[in-house]
Protein chains: 2
Amino acid sequence: MPEPCVVVIEDEPQIRLFLRAALTGQGYRLFETGTGEDGLVEVASRQPDVVIVDLGLPDIDGLEVIARLREWSTVPIIVLSARGQEQDKIKALDAGADDYLSKPFGIGELLARMRVALRHRAHVDRDSAESTLTVGDLHIDLGRRRVLIQGAEVHLTPIEYRLLATLVRHAGKVITHRRLLHEVWGPNAGDQSHYLRVYMAHLRRKLEKDSARPRHLVTEPGVGYRLLTE
Amino acid sequence: MPEPCVVVIEDEPQIRLFLRAALTGQGYRLFETGTGEDGLVEVASRQPDVVIVDLGLPDIDGLEVIARLREWSTVPIIVLSARGQEQDKIKALDAGADDYLSKPFGIGELLARMRVALRHRAHVDRDSAESTLTVGDLHIDLGRRRVLIQGAEVHLTPIEYRLLATLVRHAGKVITHRRLLHEVWGPNAGDQSHYLRVYMAHLRRKLEKDSARPRHLVTEPGVGYRLLTE
DNA sequence: GCCTCATGTCAAGAAACGGTCAAGATCGAG
DNA sequence: CTCGATCTTGACCGTTTCTTGACATGAGGC
């Protein structure tokens, strides 16, 4: 995940300063607003990975900010509040917040709870995201562990698949014999590059029309192999 | 969601009493254990909707309980702890916990945070898996815990059902032997892939017309099994 | 042309893997 | 306690997959 994005809705300048220092230091992309109304707009336009909101805002009640966010967004919401009463926490959490920290809080704890929130989001995303590659008539779906050639499923043995998957993960780039052996046969494979020749032959027989003139799995003599991406 | 199920891993009798009163009063189905090892087994067998774990257990460190749960389960974990140091919180959250309450805590807050956890789970479940799946003549209703083949109900034993349910939850994708064993037999199953063979045979006999040529439950040699969705 | 090195092809034995059956062991209900 | 259902475990067998060796091919240097 490149640079998770955070919207902070907080009016106290001191806390904003504090958050800005901590969060940018951790590599977060940070957007700040001082009012609830602005905050709602900011979340809508930035589509952040997590929202931090103070309950004591000058314009709208923090609880209402949460409720209005929840009408259309499932972004994780972490509440900061000067009030530590149990009733306040319950109301905020039931309004749709995911976590609640009473001031004063440690920055380490906030960061840890943000990591929890990001983990949740990542989890939801992972299932929907698919890592798949299509090159000409060859289609590889790493998520489902399937390989299609001209729409027909090809059965690969575990080693064949691991070899192909390694090439796919570095598609377009050369991978050395050494590296392939290491990733497919494990660290004790040494320099048995014989294995590679045998299995590249297997893959070509299954995936290439003319295995003497490979269009996908090409040899880089003396170096390694490469999966062409065009 | 009918009667959410909670596993409590806690050794202090006083707190157990407290939790029991509060949670059963709210309509939770409650299972308690006093040690980490028992807790892991209990979570595996009960498949709860949320887990509450105390960090100060007599046998294993609470952090390790969390880490070992996270090897195979994504169930929400709420940590209770007598220690309120920031470092403790950070470690537990980074180990995979979803929330952290320092004792003494209010029961209302705990209940609110449990509602948050259940909300998350409902969300993830809804996204990743329909509660009912129909493929050809096979119909599976996870909500009602019923399996129909050509409209006729099939009786499955608990393990058979859990195995099928795990495959359904990841329908279309390959699930490794290791993962299936973890999710069905619990964390101590090791690599007894023998179990899998026996039970896949049972399922096929009940669900496939020709168990030698399965149309739903297919083997991915050397890797795992897959429930076909087409 | 001929030699050599890196690579590709083929096939056979060995090893691992998965499917099946059935005999104990265990558990829970009556 | 007894019975039946369910789970665990062991043995067996056929098949797939991996490893290994022998040999073929082909490009580049002499």
Side-chain angles (χ1 to χ4, degrees), chain A residues 145 147 153-167 174-178 180-181 183-186 188-226, chain B residues 41-42 44-46 145 147 154-167 174-181 183-186 188-227:
Chain A
R145 203 179 190 283
V147 179
E153 179 151 11
V154 181
H155 170 74
L156 298 183
T157 72
I159 286 192
E160 286 164 6
Y161 184 83
R162 286 224 298 279
L163 182 55
L164 180 63
T166 307
L167 289 163
V174 187
I175 317 181
T176 62
H177 298 139
R178 187 183 186 70
L180 280 171
L181 282 166
E183 295 210 18
V184 177
W185 277 268
N188 303 321
D191 59 344
Q192 299 263 28
S193 34
H194 195 89
Y195 291 172
L196 280 179
R197 277 179 240 129
V198 173
Y199 276 87
M200 285 303 296
H202 288 173
L203 279 181
R204 280 173 179 153
R205 172 131 43 130
K206 291 181 176 179
L207 304 180
E208 302 277 6
K209 282 177 186 161
D210 179 3
S211 57
R213 234 170 300 283
R215 295 171 53 199
H216 303 301
L217 303 164
V218 300
T219 305
E220 296 288 335
V223 187
Y225 295 89
R226 179 209 302 269
Chain B
V41 173
E42 198 71 7
S45 67
R46 302 294 183 183
R145 206 178 189 287
V147 179
V154 181
H155 169 74
L156 297 183
T157 72
I159 285 193
E160 286 166 5
Y161 182 82
R162 285 233 298 280
L163 182 55
L164 180 63
T166 306
L167 289 162
V174 184
I175 317 181
T176 62
H177 298 138
R178 186 186 174 67
R179 180 119 179 246
L180 281 171
L181 282 167
E183 297 212 13
V184 177
W185 277 269
N188 302 322
D191 58 347
Q192 298 266 21
S193 33
H194 198 89
Y195 291 173
L196 282 179
R197 279 182 241 130
V198 174
Y199 276 87
M200 285 302 295
H202 289 172
L203 279 181
R204 280 175 179 152
R205 174 138 26 143
K206 292 182 177 181
L207 303 180
E208 302 276 6
K209 282 177 188 162
D210 179 4
S211 58
R213 230 171 300 284
R215 295 171 53 200
H216 303 301
L217 303 165
V218 300
T219 304
E220 294 289 334
V223 187
Y225 294 90
R226 179 210 302 271
L227 178 71

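Order of the sequence lines fixes the chain letters, A, B, ..., with proteins taken first and strands second; residue numbering starts at 1 for each chain. Everything numeric in this text was worked out from a predicted model, so none of it was measured.
With sequence neighbours left out, A:H155 forms a side-chain contact (heavy atoms from CB on, under 4.5 Å) with B:P221. By the ring pair (Phe, Tyr, Trp, His ring centres under 6.0 Å) test, A:H194 pairs with no residue at all, sequence neighbours left out. Residues passing the salt bridge (charged side-chain N to carboxylate O under 4.0 Å, His left out) test with B:R204: none are found, sequence neighbours excluded. Legend: residues meeting side-chain contact (heavy atoms from CB on, under 4.5 Å) with A:Y161, ordered by chain and number and at least two apart, are A:L142, A:R145, A:V147, A:L156, A:A165. With sequence neighbours left out, B:R205 forms a salt bridge (charged side-chain N to carboxylate O under 4.0 Å, His left out) with no residue at all. In this view, A:R178 satisfies the salt bridge (charged side-chain N to carboxylate O under 4.0 Å, His left out) rule with no residue, not counting sequence neighbours. When the salt bridge (charged side-chain N to carboxylate O under 4.0 Å, His left out) test is applied to B:E220, the partners found at least two apart in sequence or on another chain are B:R226. With sequence neighbours left out, A:H216 forms a ring pair (Phe, Tyr, Trp, His ring centres under 6.0 Å) with no residue at all.
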| task | Report, as a single string ordered 5' to 3', how protein heavy atoms within less than 4.0 Å touch nucleotides 2-8 of chain D: B base, S sugar-phosphate only, - not at all. | result | ----SBB
| said: I need a per-nucleotide contact map over nucleotides 24-30 of chain C, read 5' to 3'. Cutoff is protein heavy atoms under 4.0 Å; write B for the base, S for backbone only, - otherwise. | reply: -------
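In this structure, the CZ atom of A:R205 is 14 Å from the P atom of C:dG8, given to the nearest Å. One atom, OH of A:Y161, and another, C1' of D:dT17, lie 18 Å apart when rounded to the nearest Å. For A:L196 and C:dT7, the CG to C1' distance is 11 Å, given to the nearest whole Å. Rounded to whole angstrom, the span from the CE atom of A:M200 across to the P atom of C:dT9 amounts to 10 Å. Going from atom CG of B:D191 over to atom C1' of D:dT9 covers 15 Å, rounded to whole Å. Taking atom CZ of residue A:R197 and atom C1' of nucleotide D:dA22, one finds them 13 Å apart after rounding to whole Å. Between the C1' atom of D:dT17 and the CZ atom of A:R162 lies a distance of 12 Å, rounded to the nearest Å. Atom-to-atom, CG of B:L203 to P of C:dG18 comes out at 16 Å; the value is rounded to the nearest Å.
Side-chain contact between B:L207 and B:E160 is absent, with no heavy-atom pair separated by less than 4.5 Å. Counting heavy atoms from C-beta outward, A:L196 and A:V184 have side chains that stay 4.5 Å or more apart. Between A:Y225 and A:L167, the closest side-chain pair of non-hydrogen atoms falls below 4.5 Å.
The environment of CG in B:D191 is sparse: at most 12 heavy-atom neighbours from other residues, nucleotides or ligands sit within 6.0 Å. The 12-atom threshold is not exceeded at CZ of A:R215, counting heavy atoms of other residues, nucleotides or ligands nearer than 6.0 Å.
Less than 4.0 Å separates DNA chain C from at least one heavy atom of each of the following residues of residues 213-222 of chain B: B:T219, B:G222.
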Could you list all N or O pairs between the protein and nucleotides 23-30 of chain D that sit under 3.5 Å apart?
none

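Using a 4.0 Å cut-off, some side-chain N or O of A:R204 falls inside it from OP1 or OP2 of C:dG8.
Taking all atoms of both residues into account, the shortest heavy-atom contact from B:P214 to B:V218 is O-CG1, 4.0 Å.
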